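Please read the structure below before turning to the comments.
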Amino acid sequence: ASCGEKGQGGAQPGQFQILRWVFASVATVHQNPKGRERIYARRFLSLNNAQVGSWGRGFGAMDEETARSIVTGFMHGIFS
């Protein structure tokens, strides 16, 4: 497994499970994520890990504006 699905890929134990629960909860009220909870959790965790990695190497920012932009872009892709 990748992106922390079983605690691998640099993810802390539980990150993948928490994100999967978030997308499963969303799927109860919106049909687009239904059946795609695992892939959305993996993609979102990967996106966040990439941002943190870039920031750690001196590229990009880790601030509220960046976080909002990442979340907004990701969620727009799901619900559009």
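In this text the structure is predicted, and so the values were computed from the model without any measurement.
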If you measure from CG on L45 to CZ on R20, what distance do you get to the nearest 0.5 Å?
13.5 Å

Which atoms form the tightest heavy-atom contact between A27 and P33, and what is the distance?
CB-C, 4.1 Å

So, do F23 and I39 sit near enough that their side-chain heavy atoms are less than 4.5 Å apart?
no

For the pair Y40 and F74, name the ring-plane relationship: parallel under 30°, tilted 30 to 60°, perpendicular over 60°.
perpendicular

Reported CD-to-CD distance for the pair Q17 and Q15, which is rounded to 0.5 angstrom
9.5 Å

Rounded to the nearest 0.5 Å, how far apart are CE of M62 and CG of N48?
8.0 Å

Decide yes or no for R42 and F16: does some side-chain heavy atom of the first lie under 4.5 Å from some side-chain heavy atom of the second?
yes

Would L19 end up clustered with M75 when hydrophobic side chains under 4.5 Å apart are linked, directly or stepwise?
yes

Using only atom types and a distance under 3.5 Å, with no angle test, would you say the side chain of S25 pairs donor to acceptor with the backbone of W21?
yes

Donor on one side chain, acceptor on other, S46 and N49, under 3.5 Å
no

Out of curiosity, I70 CD1 to Q51 CD, how far, rounded to the nearest 0.5 Å?
4.0 Å

